[in-house]
Amino acid sequence: IPYVVKPDDVTLGVADWYATSMADGYDFANVLVKTREGRPIQIMPNKDANGTTSARVQAAVLSLYDETLRLKEPTKSGEAISWADADKEIGAKLNELKEANKPVVLLTGTMASPSTSKIVEEFIAAYPNIKHVVYDAVSESGAADAMLAMYGKRALPNYHLNKAKTIVSFGADFLGDFHGGFEKAYIAGRKPETGHMSYHVQLESNMSLTGANSDKRVVVKPSDQVFALLNLYNEITGANVSSKATPVDAIMKQLASDLKKAGSKAVVMTGLNDKNAQLIALAINKALNSEIIDTENTLNIRQGNDVEVAQLVSDMKAGKVAGLVSYNVDPIYSLSNSSDFSEGLKKVEISVALSTENNKTVNASHFALPTPHFLESWGDTQFDSVTYGLMQPTIQPLFNTRQVQDTLLKWSGNSTKYYDYLKAFASENILNGSSWNTALHNGFFTKEVSTENVAGEVSVANAATTLSNSAKKASGFELNLYTKTGLGDGKQANNPWLQEFPDPITRASWDNYLTMSMADAKELGFANPVKDNGAIDGDYAKVSVNGVSVTVPVMVQPGQAKGSVGLAVG
């Protein structure tokens, strides 16, 4: 719509660019946002901040305008309510529960925001009966727990793959979503024209983007990955942990030799979300004196804690939780035991869901409070130990929303607006006298901080034994769940750009499917389900997971491990 009175700082047809950050609990990126006449239309990486983007990050601009799914105003039991009335009722109930010392849980996704963490601390100080639990729909809790056990710091290790000579990965799709992805560093380490070309071996069940780009891809069933990792640990460290033979043991012996030869320029990674498996990988890297894995400048993404989430569900189901305040999560949709969570949610005295979009957890909560899209928000981020990002609005709020930070400040009795709080926090704790305007313009600020680790007390031998005893060598088919490159954890499943996005391996879009090896497909009588005209020809399979059955078409995948089938989640 043409301007009636054109603002002085707007030239029609000339775009403005804003530096900001995205942190939605699964995707984390320092980005540049292109706007025309006050409307964001494109998201690109902020290369000055070493930023990268994925399909989901770039498609997030469309989710901003999602009038169907976005929450537009506060509601109570589905009926509209004013912010003032919602604050009054919720505040009164929180105070009542505090006086009675009844447990309340603040359940959030990973925020990776230092100022928000401070606000949460102040909120808990105002309500000592509240506990903060972090839940990630796609968890990497095993890796964070292993880091805490070995290095005394609960975070994810960083990987400088640009410096690597030999890379061995057990199902870690680091060109996809493993630890947020390391495609930029990986590409930098594979440039023959510079004389540097890393050697990469990928052991996996499903064909992944990482496996498709490896120098040597080894197809193994999920259970064999565990024992192959243990056998590699024995070969490199000289340990004698009880394990089982696998079809790739000869390859493990050769890889052990290659890794020892590369020494500090070698690295071993595993995508298994298991604390003990991650401890074995850390121990191997420690034995190699690997300089590729960085346990000091760690990553602050994916902070979810599986143990605490499981305890929360158990306590809710037992009626031990009196209140739940959730932000940016939908456990009724994404939890494997979501029925237990739903049952427990009915027993709490008050449930408040703060969310940008409508979802199952919002619908099941007493209060639904809308939060703005990140392109409408102020904020800060800290994706690793030394790089801080700033988030700024690129458009006026489209709906009657309020940031979670302003909400928690208000409920804590602090009348400060979040923008003023953020500016003061950054000036006092981050910028070291540097200009706020300059940092906001650049979108990031790098600060040298002490990142010395405190060694944790952990027995790797016990971890290896526990892993070996708990792992099972299946005799039948094994199901391998993975995230699709386009949809990730499913937060943007309503985004047509992502539904239309072809999977980089199978090229399929707008559907989910069960991947199966050619040998298994022939034995079971399956064929690829898509005909030349794009129609499904009727080859479907039923899969049951935790009592939930789904019927999906079968995709015959030449790179799939025999005896293993893959199914995307999210």
Side-chain angles (χ1 to χ4, degrees), residues 24-26 90 93-94 96-98 100-113 116-117 119-121 123-146 148-149 154-155 273-275 300-355 359-369 371 404 407-408 411 489-491 545-548 569-570:
D24 72 350
Y26 187 69
I90 295 170
K93 188 62 179 180
L94 290 177
E96 176 189 323
L97 296 177
K98 180 175 74 170
N101 196 28
K102 293 184 177 181
V104 177
V105 172
L106 173 63
L107 181 67
T108 74
T110 297
M111 295 179 286
S113 167
T116 307
S117 296
I119 290 173
V120 169
E121 290 175 7
F123 180 56
I124 293 175
Y127 297 94
N129 60 318
I130 290 181
K131 179 182 179 181
H132 182 205
V133 176
V134 181
Y135 164 64
D136 290 334
V138 180
S139 174
E140 295 196 39
S141 181
D145 292 340
L148 177 63
R154 197 174 190 279
N273 184 30
D274 182 285
K275 176 183 175 182
N300 298 319
I301 64 174
R302 315 280 167 84
Q303 298 171 3
N305 190 315
D306 290 351
V307 174
E308 292 187 354
V309 171
Q311 187 63 52
L312 167 64
V313 175
S314 176
D315 289 345
M316 287 174 59
K317 194 175 179 181
K320 298 179 181 179
V321 177
L324 180 74
V325 179
S326 65
Y327 168 62
N328 196 29
V329 292
D330 186 12
I332 293 181
Y333 168 73
S334 55
L335 261 180
S336 59
N337 56 338
S338 58
S339 58
D340 291 339
F341 185 92
S342 298
E343 182 182 337
L345 190 62
K346 295 174 183 176
K347 298 179 180 180
V348 302
E349 297 180 33
I350 181 172
S351 55
V352 182
L354 297 99
S355 178
N359 57 46
K360 289 187 176 182
T361 304
V362 168
N363 290 329
S365 300
H366 300 136
F367 291 88
L369 305 183
T371 57
V404 63
T407 297
L408 295 183
W411 292 352
D489 67 345
K491 275 194 179 69
V545 183
N546 289 336
V548 178
V569 296

- Query: Heavy-atom distance under 4.5 Å between the side chains of Asp136 and Ser141, does that happen here?
  - Reply: no

- Task: Would you mind checking if Glu349 and Lys102 are paired as a salt bridge, meaning a charged N to carboxylate O distance below 4.0 Å?
- Result: yes

- When rounded to the nearest 0.5 angstrom, what is the spacing between CG in Asp315 and CD in Glu308? 11.0 Å

- Message: Can you tell me how far apart CD (Glu121) and CD1 (Ile124) are? Round to the nearest 0.5 Å.
- Response: 7.5 Å

- Query: Looking at side-chain heavy atoms only, is the closest gap between Asp330 and Val362 below 4.5 Å?
  - Reply: no

- Query: Charged N to carboxylate O below 4.0 Å: is that the case for Lys491 and Asp24?
  - Reply: no

- Taking only residues two or more places apart in sequence or in another chain, which ones pass salt bridge (charged side-chain N to carboxylate O under 4.0 Å, His left out) with Lys275? none

- Working to the nearest 0.5 Å, report the span between OG of Ser351 and NZ of Lys346. 12.0 Å

- Item | pair Val309-Val133: side-chain heavy atoms closer than 4.5 Å | yes

- From the list Leu312, Val134, Val321, side chain to side chain contact (heavy atoms under 4.5 Å, CB included) with Leu107 holds only for Leu312

- Message: Please find the pair of heavy atoms, one from Leu335 and one from Val313, that lie closest to each other, and give the distance.
- Response: CD1-CG2, 3.8 Å

- Are side-chain heavy atoms of Leu354 and Thr407 found at a separation under 4.5 Å? yes

- Is there a side-chain contact between Tyr26 and Thr110, using heavy atoms and a 4.5 Å cut-off? no

- Is it true that the side chains of Ser139 and Asp306 contain a donor and an acceptor less than 3.5 Å apart? yes

- Using the test ring-ring contact (aromatic ring centres under 6.0 Å, His included), find all partners of Phe123 that sit at least two apart in sequence or belong to another chain. Tyr127

- Passes side chain to side chain contact (heavy atoms under 4.5 Å, CB included), Ile90 versus Phe367? Steps please. CA-CA 9 Å; Ile90 295 170; Phe367 291 88; 3.9 Å; yes

- Query: Do the non-hydrogen side-chain atoms of Leu345 and Ile332 ever get within less than 4.5 Å of each other?
  - Reply: yes

- Message: Nearest 0.5 Å, please: how far is CG in Asn328 from CE in Met111?
- Response: 9.0 Å

- Message: Is the shortest side-chain heavy-atom distance between Phe341 and Lys317 below 4.5 Å?
- Response: no

- Message: Please determine whether the number of non-hydrogen atoms from other residues, nucleotides or ligands lying under 6.0 Å from atom NZ of Lys93 exceeds 12.
- Response: yes

- Message: Is it the case that the side chains of Ser326 and Tyr135 hold a donor-acceptor pair, with the cut-off being a distance below 3.5 Å and no angle test?
- Response: no

- Note on the structure: Closest non-hydrogen contact found for Val120 with His132 is CG1-ND1, 3.7 Å

- Mind checking the CZ-CG spacing from Arg154 to Asn300? Nearest 0.5 Å is all I need. 11.5 Å

- Item | Minimum-distance pair of heavy atoms, taken over all atoms of Lys98 and Ala126 | NZ-O, 3.1 Å

- Task: State, with a plain yes or no, whether a side-chain heavy atom of Ile130 is found less than 4.5 Å away from one of Leu97.
- Result: no

- Heavy-atom pair of closest approach, residues Asn273 and Gly142: OD1-N, 2.8 Å

- Task: Dump the intermediate steps for side chain to side chain contact (heavy atoms under 4.5 Å, CB included) on Thr116 and Tyr327, then the final yes or no.
- Result: CA-CA 12 Å; Thr116 307; Tyr327 168 62; over 6 Å; no

- Under 3.5 Å, is there a donor-acceptor pair between the side chain of Ser365 and the main chain of Thr361? yes

